[in-house]
Amino acid sequence: VLAEAMACWTPVAALKKGAVPEIVKDGVGGYAFDTLDELVLGLPGVCALDRAKVRQYAATNYDVRTMARAYEALYLSCLEHG
């Protein structure tokens with residue numbers, strides 16, 4: 001959902017749970033916050049992000065080819081290390 005939102009030009013505001021810190025680059029695709037209070041206070045900064053840069057970040061990091069190459073590299077690494 002995070003990558004899809006950014007691909008639709010929407011900056012992300014989320015809590016630092018699960019994969020959020022790996023997917024959302026602070027100040028580029030949105031912001032990841034430690035607490036709900038921080039998230040609420042940080043919303044103006046999220047809304048101020050350049051939406052074209054949000055879209056470009058998603059396109060560069062989460063397009064089909066990039067993701068396929070990353071998965072292929074991961075699978076090959078797993079095979080090599082048994």
Asks: Determine whether Trp9 and Leu49 fall in the same hydrophobic cluster, where Ile, Leu, Val, Met, Phe, Trp and Tyr are linked whenever their side-chain heavy atoms lie under 4.5 Å apart.
Replies: no
Asks: Please report the shortest heavy-atom distance between Gly29 and Val24, naming the atom on each side.
Replies: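 Where Gly29 meets Val24 most closely, the heavy atoms are C-CG1, 4.2 Å.
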Asks: Show your reasoning for whether side-chain contact (heavy atoms from CB on, under 4.5 Å) applies to Val54 and Val28.
Replies: CA-CA 6 Å; Val54 172; Val28 180; over 6 Å; no
Asks: For Ala5 and Val12, which heavy atoms make the closest approach, and how far apart are they?
Replies: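 Heavy-atom minimum between the residues: CB-CG2, 4.1 Å.
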Asks: Grouping I, L, V, M, F, W and Y whenever their side-chain heavy atoms are under 4.5 Å apart, do Tyr62 and Tyr71 come out in a common cluster?
Replies: yes
Asks: What is the minimum heavy-atom distance between Ala3 and Ala58, and which atoms define it?
Replies: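 Reported closest heavy-atom pair: O-CB, 4.1 Å.
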Asks: Quick one: does Asp63's side chain get under 4.5 Å of Thr66's, heavy atoms only?
Replies: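 Yes, their side chains come closer than 4.5 Å.
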Asks: Output yes when a side-chain donor or acceptor of Glu38 lies under 3.5 Å from a complementary backbone atom of Asp34, and no otherwise.
Replies: yes
Asks: Rounded at 0.5 Å granularity, tell me how far OG1 in Thr10 sits from CD in Glu4.
Replies: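 Spacing of OG1 (Thr10) from CD (Glu4) equals 11.5 Å.
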Asks: I want to check something: taking the side chain as every heavy atom from C-beta on, are Pro11 and Met6 in contact at a cut-off of under 4.5 Å?
Replies: no
Asks: Quick one: do Leu39 and Val1 end up in the same hydrophobic cluster if we chain Ile, Leu, Val, Met, Phe, Trp and Tyr together by side-chain heavy atoms under 4.5 Å apart?
Replies: no
Asks: Say you draw a straight line from OH of Tyr75 to CG of Leu79; how long is it, rounded to the nearest 0.5 Å?
Replies: 10.5 Å
Asks: From Asp50 CG over to Arg55 CZ, what is the distance, rounded to the nearest 0.5 angstrom?
Replies: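 These two atoms lie 13.0 Å from each other.
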Asks: Is the Phe33 ring parallel, tilted or perpendicular to the Tyr31 ring (thresholds 30°, 60°)?
Replies: tilted
Asks: Is Met67 linked to Ile23 within one hydrophobic cluster, defined over Ile, Leu, Val, Met, Phe, Trp and Tyr using a side-chain heavy-atom separation of less than 4.5 Å?
Replies: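 Yes, one cluster joins them.
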Asks: Would you find a donor on one side and an acceptor on the other, under 3.5 Å apart, between the side chain of Thr60 and the backbone of Gln56?
Replies: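 Yes; at least one donor-acceptor contact below 3.5 Å.
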Asks: To the closest 0.5 Å, what do you measure between OG1 (Thr35) and NZ (Lys16)?
Replies: 10.0 Å
Asks: Before giving the answer on side-chain contact (heavy atoms from CB on, under 4.5 Å), spell out for Leu15 and Val20 the whole-Å C-alpha distance, their side-chain angles and the decisive distance to 0.1 Å.
Replies: CA-CA 7 Å; Leu15 295 175; Val20 171; over 6 Å; no
